[in-house]
Protein chains: 2
Amino acid sequence: MPAEASTSRPASPSLTERQEARRRRILHASAQLASRGGFDAVQMREVAESSQVALGTLYRYFPSKVHLLVATMQDQLEHMHGTLRKKPPTGDTAAERVAETLMRAFRALQREPHLADAMVRALTFADRSVSPEVDQVSRQTTAIILDAMGLADPTAEQLSAVRVIEHTWHSALVTWLSGRASIAQVKIDIETVCRLIDLTTPGPRR
Amino acid sequence: MPAEASTSRPASPSLTERQEARRRRILHASAQLASRGGFDAVQMREVAESSQVALGTLYRYFPSKVHLLVATMQDQLEHMHGTLRKKPPTGDTAAERVAETLMRAFRALQREPHLADAMVRALTFADRSVSPEVDQVSRQTTAIILDAMGLADPTAEQLSAVRVIEHTWHSALVTWLSGRASIAQVKIDIETVCRLIDLTTPGPRR
DNA sequence: CGCTAATCTAGAACAAGTTTCAGACTTGAT
DNA sequence: ATCAAGTCTGAAACTTGTTCTAGATTAGCG
């Protein structure tokens with residue numbers, strides 16, 4: 001236990017440090033369980049045990065399983081945005097770059113299909129009580145797409161196109177995860193919807 | 001076993017009649033409960049009671065709550081397709097007609113938002129075990145859109161556009177139901193994605 | 001240091017989806 | 001009419017998300 005608490009920089013985590021650590025443990029356990037068996041494998045009791053936290057505490061940090069999984073998704077998305085930033089897409093047109101970026105993200109998801117399942121199912125199943133968190137995920141996704149487009153100041157029309165791209169992205173993932181669409185099919189859908197960008201971007205073609 | 005039409009005494013309808021009737025009672029109860037309080041209000045015990053069927057029987061007919069709600073959606077979709085057929089859309093272009101049709105469907109859903117909630121949540125939450133049923137819903141939706149386009153023989157490109165339109169349709173509904181998008185926003189998204197049709201349909205263009 | 005409020009823990013309890021089972025009823029065939 | 005197979009019923013049991021409670025710890029403060 002900390003003998004002195006004032007002057008020295010705390011080596012042992014005190015205060016909110018500890019809570020931050022708990023939160024990280026919980027998110028880690030969540031992602032780990034999700035990676036194993038998807039949405040169903042993330043059982044609140046197991047998450048609590050894995051992260052060495054009482055069930056009640058888990059619920060204090062994340063008021064429902066869906067909240068937990070959406071937070072897990074936020075976490076992963078942040079990581080992915082960082083990764084994507086390091087190697088920007090190389091396509092000539094905005095449409096190509098967006099498609100390339102989404103396909104890169106898709107490939108990442110394919111590496112952990114169960115985790116993808118858990119996150120996406122939670123996202124689309126979320127009810128109003130999770131709206132703020134889901135909205136945050138949506139904003140992050142929008143940011144990634146706008147990054148790929150390379151637009152500083154998108155028009156309303158372009159924002160609409162981005163919204164539709166996000167719709168397609170989410171729904172295509174759902175159909176892929178439930179085994180109703182192949183990877184190739186998802187690719188086609190992404191490429192198809194990205195053509196909308198050309199419609200709204202006065203550029204060199206057509 | 002063509003049997004008799006049982007004109008005299010329908011007191012004890014025999015054979016599969018009875019089962020068909022049970023099935024209809026169950027679907028009716030499901031829709032009714034869903035209309036009241038959405039996904040959460042459809043409780044299997046209540047559905048069983050409402051439709052005068054034992055819980056075990058309910059599960060024999062529909063192996064899970066999601067199966068039940070997806071079947072409910074099939075039912076409603078069929079009804080809607082019939083209704084839409086009676087008054088075909090009037091727009092000049094295929095894109096306009098599809099947007100008009102989807103907006104008409106959307107208005108119908110707005111009249112029973114709770115029912116819409118139950119059906120759409122079930123649809124996107126469905127896992128692989130429900131794939132055949134979900135696929136059936138998807139085919140029905142595709143048929144409605146193709147009807148609106150007025151195409152006998154769509155190209156592969158056009159089918160891709162239709163797929164993307166469906167993605168957008170489902171995902172836009174999800175965002176509307178969870179309160180993250182307004183009705184106006186959904187309208188814009190539908191209109192935006194329908195422009196994809198123009199891209200793939202050589203014809204009178206703006 | 002000692003106090004008070006907030007937080008955490010272990011565990012029971014509750015809710016709704018799902019499964020199971022023994023017994024009653026239907027059905028189809030002989 | 002009778003039998004075997006399949007179906008339906010009512011009720012209990014099981015699972016997992018969620019809530020609640022009482023007591024232990026911890027944190028911030030005078």
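Letters A, B, ... are given to chains in the order of the sequence lines, protein chains preceding strands, and every chain is numbered from 1. All figures in this text were calculated on a predicted structure; none of them were measured in a lab.
- The side-chain tip of B:R121 points at the ring of A:F125 from less than 6.0 angstrom away and within 45° of straight on.
- Of the candidate nucleotides D:dT18, C:dT9, C:dG17, C:dT9 has the atom nearest to the side chain of A:R22.
- Atom NE2 of B:H67 has more than 12 neighbouring heavy atoms from other residues, nucleotides or ligands inside a 6.0 Å radius.
- The nearest whole Å value for the distance from the CG atom in B:L33 to the P atom in C:dG17 is 11 Å.
- Counting any heavy atom pair closer than 4.0 Å across all strands shown, B:V42 reaches sugar-phosphate atoms only and no base atom.
- Taking 4.0 Å as the cut-off between side-chain N and carboxylate O, A:E191 and A:K187 count as a salt-bridged pair.
- One can place CZ of B:F39 at 19 Å from P of C:dA15, the figure rounded to the nearest angstrom.
- Note: CZ (B:F62) to P (C:dT18) measures 13 Å, nearest angstrom.
- Neither side chain, B:H167 nor A:T168, offers a donor N or O lying under 3.5 Å from an acceptor on the other.
- Contacts of residues 45-61 of chain A with DNA chain D (heavy atom under 4.0 Å): A:R45, A:L55, A:Y59.
- No cation-pi contact links A:K65 to A:Y59, judged by a cut-off of 6.0 Å to the six-membered ring centre and 45° from its axis.
- By the 4.5 Å heavy-atom criterion applied to side chains, A:V98 and A:V162 are not counted as neighbours.
- B:K65 has its NZ atom 12 Å from the C1' atom of C:dT18, to the nearest Å.
- The CD atom of B:E17 sits 15 Å away from the C1' atom of C:dT26 (whole-angstrom rounding).
- In this structure, the CD atom of A:Q43 is 10 Å from the C1' atom of D:dG17, given to the nearest Å.
- In this structure, B:E20 places its CD atom 15 Å from P of C:dT27, rounding to the nearest Å.
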Please output the side-chain donor-acceptor pairs of residues 47-54 of chain A that fall under 3.5 Å, not counting sequence neighbours, one pair per line with the distance.
residue : atom : partner : partner atom : Å
A:S50   : OG   : A:E46   : O            : 3.4
A:S51   : OG   : A:V47   : O            : 2.5
A:S51   : OG   : A:A48   : O            : 3.4

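- Checking side-chain atoms of A:D189 against main-chain N and O of B:V164 turns up no donor-acceptor pair under 3.5 Å.
- Neither OP1 nor OP2 of D:dT26 sits under 4.0 Å from any side-chain N or O of A:Q19.
- The side-chain heavy atoms of A:L199 and B:T192, taken from C-beta on, include no pair separated by under 4.5 Å.
- The stretch residues 114-133 of chain B has no heavy atom under 4.0 angstrom from DNA chain D at all.
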